[in-house]
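This report refers to the structure that appears directly beneath it.
Order of the sequence lines sets the chain letters (A, B, ...), proteins ahead of strands, with each chain counted from 1. Since this is a predicted model, take the numbers as computed values, not measurements.
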Protein chains: 2
Amino acid sequence: MTRRSYNQYCGLSRSLDLVGERWTLLIVRELMSGPKRYSDLVDTLDGIGTNLLASRVKQLDNDGLITRKQLPPPAASQVYELTPAGRELAAALVPLAVWGLRHRFDEPRRGDENYRAEWTLVFLAALIDPAATTGVRAVFQFWIDDSPAALSIDNGRVVVTPGEADDTDVVVTTDLRTLADLATRDLDPDLTKAAECLMIDGDATVAQLLLELLTERDGRSHARAVCC
Amino acid sequence: MTRRSYNQYCGLSRSLDLVGERWTLLIVRELMSGPKRYSDLVDTLDGIGTNLLASRVKQLDNDGLITRKQLPPPAASQVYELTPAGRELAAALVPLAVWGLRHRFDEPRRGDENYRAEWTLVFLAALIDPAATTGVRAVFQFWIDDSPAALSIDNGRVVVTPGEADDTDVVVTTDLRTLADLATRDLDPDLTKAAECLMIDGDATVAQLLLELLTERDGRSHARAVCC
DNA sequence: CCGGATCCGTAACGATACTG
DNA sequence: CAGTATCGTTACGGATCCGG
């Protein structure tokens, strides 16, 4: 039983031979917000068959994109995490995710559609220029469409974690539609529309920095900040 | 008969709902080297079922990523081409293709594995900074693993076409492995190894420019040029 | 020949039940 | 908790056929 292949000597098709099957790239996305247990993946990847998940993580492990790791006692459980090659793959997914944020959000969130804030944050965080965060140390707690996730910046290291973090400097409450517009489009400079759906609470100068990091790319600013 | 969906309010999963099925992204890749007829796609996407191809182009058309266009008489045939949204999607695929070039070329080309030079060139061309080509007008004929394709640069416009072009300024003969290493890795500065498998013929200064365009990104040069 | 549509066998996927 | 096992359904692959 051999693996299905496009049989083309091409970077894209060889990538897709490896990770083009259903669910595979979403598993990689899940691991972008830190190591996860098998049952975490089952919970968050709603609809995946457990047999399929087991098969996928085995493939990803064999292909060197993720590793199993035993947590030290007393946890006694194992987690999956990205290898360096897996992290490079994750970085390569960012433009595809941003393309989706730009082109596939005309239709709003369906009622039954799942959502987790870290799904958005991992890709927006990848857009942040690490060099612009030297000397910065801050924790931003996001609530996006009522889902919590945190963005931690520590002197060039940018990390996203699901749920609520401790010692948060700033709390951002918004909806995904607004956040996607803010980060992926040239928003109207005064952010009037966005301001209605974007609440920022906490230290004003730190909040200002966040808005600059999210909107300022390629050396130019996409939006001027409004803060409360 | 509804379309299968991950049912997640996320940029990546919504992208994959649209273009994550088998063959879809390879059709997009094909159209990156110019409009193609149905039978062109059948020929080049070896192994795709004609029913599946028909279904895919219909989807891509409905989703606004490609359009059908009637060629003017006496051609009397129709071609498919990318829309602006489709071109943005294509641009988003570049990192994934480059990831494949970096991580999936340890195993060499299999004997039965298909290859076309434009598959490589469209992604390498996308890495070229258009701003670096202002005032430049040149046509580079590539022969990669014995397959021909041309890269045309015209004052900021970079275009790839399959096959042999007219009025070529420079002819580059190489194998994909060498070219991939050259463009995606920090190659040893004197290119000694690459020079064995890379022959450049034509105007020396224009050839020099090509090597700079292919290896110089993010403002730094990955390789010094060797030209014959 | 081009641009598909139809049919059918096989492989992949999805849901649930079960196990160490 | 971390998976297997089973089984019905869907998607894909290959071939053939059909209208312009």
Side-chain angles (χ1 to χ4, degrees), chain A residues 1-8 13 16-27 30-31 35-62 66-81 112-114, chain B residues 1-8 13 16-27 30-31 35-62 66-81 112-114:
Chain A
M1 129 182 187
T2 176
R3 204 158 160 185
R4 189 179 272 181
S5 166
Y6 290 112
N7 205 35
Q8 296 180 351
S13 53
L16 294 175
D17 281 343
L18 212 69
V19 297
E21 295 171 288
R22 202 163 160 75
W23 292 108
T24 304
L25 289 178
L26 298 189
I27 295 171
E30 286 307 309
L31 300 184
K36 298 280 181 295
R37 294 173 305 173
Y38 184 89
S39 52
D40 293 332
L41 296 174
V42 170
D43 291 343
T44 184
L45 297 174
D46 189 49
I48 196 174
T50 61
N51 54 346
L52 196 53
L53 175 58
S55 160
R56 292 290 187 266
V57 294
K58 198 172 298 180
Q59 278 183 57
L60 285 167
D61 190 4
N62 289 339
I66 69 175
T67 57
R68 287 172 157 77
K69 197 158 85 175
Q70 290 291 336
L71 290 185
S77 92
Q78 64 175 324
V79 292
Y80 297 94
E81 67 180 355
D112 62 332
E113 205 171 29
N114 296 313
Chain B
M1 126 184 192
T2 176
R3 205 156 158 186
R4 189 180 272 181
S5 166
Y6 290 112
N7 206 35
Q8 295 179 353
S13 53
L16 294 174
D17 281 342
L18 212 68
V19 297
E21 295 171 288
R22 200 164 163 73
W23 292 108
T24 304
L25 289 177
L26 297 189
I27 295 172
E30 286 307 309
L31 299 184
K36 299 280 181 298
R37 293 174 305 173
Y38 184 88
S39 51
D40 293 332
L41 296 173
V42 171
D43 291 344
T44 184
L45 297 174
D46 189 50
I48 194 174
T50 62
N51 54 348
L52 196 53
L53 176 57
S55 159
R56 291 287 188 267
V57 294
K58 198 173 298 180
Q59 278 183 57
L60 286 168
D61 190 4
N62 289 340
I66 69 176
T67 57
R68 287 171 155 77
K69 198 158 85 175
Q70 290 292 335
L71 289 186
S77 92
Q78 64 175 325
V79 292
Y80 297 93
E81 67 179 356
D112 63 332
E113 206 171 28
N114 296 313

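Phosphate contact (OP1/OP2 of D:dA2, side-chain N/O of A:Ser39, threshold under 4.0 Å): present. Taking only side-chain nitrogens and oxygens, A:Arg22 comes nearer than 4.0 Å to OP1 or OP2 of C:dG14. Contact check, B:Arg37 against C:dG4: no side-chain N or O comes under 4.0 Å of OP1 or OP2. Here B:Trp23 does not reach the OP1 or OP2 of D:dA11: none of its side-chain N or O atoms lies under 4.0 Å away. Within the structure, a side-chain polar atom (N or O) of B:Tyr80 is placed less than 4.0 Å from OP1 or OP2 of C:dG4. For the OP1/OP2 pair of D:dC12 and a distance below 4.0 Å, the side-chain nitrogens and oxygens of B:Arg56 include at least one atom meeting the criterion.
What separates CD1 of A:Ile66 from C1' of D:dA2 is a distance of 14 Å, to the nearest Å. Look at CD1 on A:Ile48: it is 13 Å from C1' on C:dA12, rounded to the nearest Å. Computed from coordinates, the B:Arg3 CZ to D:dC12 P distance equals 11 Å when rounded to whole Å. In this structure, the CG atom of B:Leu52 is 13 Å from the C1' atom of C:dA12, given to the nearest Å. Between the CG atom of B:Leu45 and the C1' atom of D:dG14 there is a distance of 16 Å, given to the nearest Å. Residue A:Tyr6 contributes atom OH, which lies 8 Å from atom P of D:dG13 at whole-angstrom precision. Atom-to-atom, CD of B:Gln78 to C1' of C:dC2 comes out at 9 Å; the value is rounded to the nearest Å. Rounded to an integer number of Å, the gap from A:Leu53 CG to C:dG14 C1' is 13 Å.
Under the 4.0 Å criterion applied to side-chain N and carboxylate O atoms, B:Glu81 and B:Lys69 are assigned as salt-bridge partners. In summary, B:Arg68 and B:Asp61 engage in a salt bridge, as defined by a charged side-chain N under 4.0 Å from a carboxylate O.
You'll find a donor-acceptor pair under 3.5 Å spanning the side chain of B:Asn51 and the base of D:dG14, going by distance alone. For A:Thr50 and C:dA15, a side-chain-to-base donor-acceptor distance below 3.5 Å is absent, hydrogens and geometry of angles not being considered.
When the side-chain contact (heavy atoms from CB on, under 4.5 Å) test is applied to B:Arg56, the partners found at least two apart in sequence or on another chain are B:Glu21, B:Arg22, B:Thr24, B:Ile27, B:Leu52, B:Gln59.
In plain terms, the two heavy atoms of A:Val79 and A:Arg37 that are nearest each other are CG1-CG, 3.7 Å. The minimum heavy-atom distance between A:Thr50 and A:Tyr38, with the atom names listed, is O-OH, 2.7 Å. In this structure, A:Leu16 and A:Tyr6 approach most closely via the heavy-atom pair CB-CE1, 3.8 Å.
Across its full length, the helix from C:dC1-D:dG20 to C:dG20-D:dC1 shows an angle of 20° between the axes of its 5 terminal pairs at either end, rounded to 10 degrees.
Rounding to the nearest 0.5 Å gives a distance of 9.5 Å between CG of A:Leu45 and CG of A:Asn114.
In this structure, the side chains of B:Lys36 and B:Thr44 stay at 4.5 Å or more apart for every pair of heavy atoms.
Candidate nucleotides C:dA11, D:dT4, D:dG3 were compared by shortest atom distance to the side chain of A:Lys58, and D:dT4 ranks first. Nearest to the side-chain atoms of A:Tyr38 among the listed nucleotides D:dA2, D:dT10, C:dA5 stands D:dA2.
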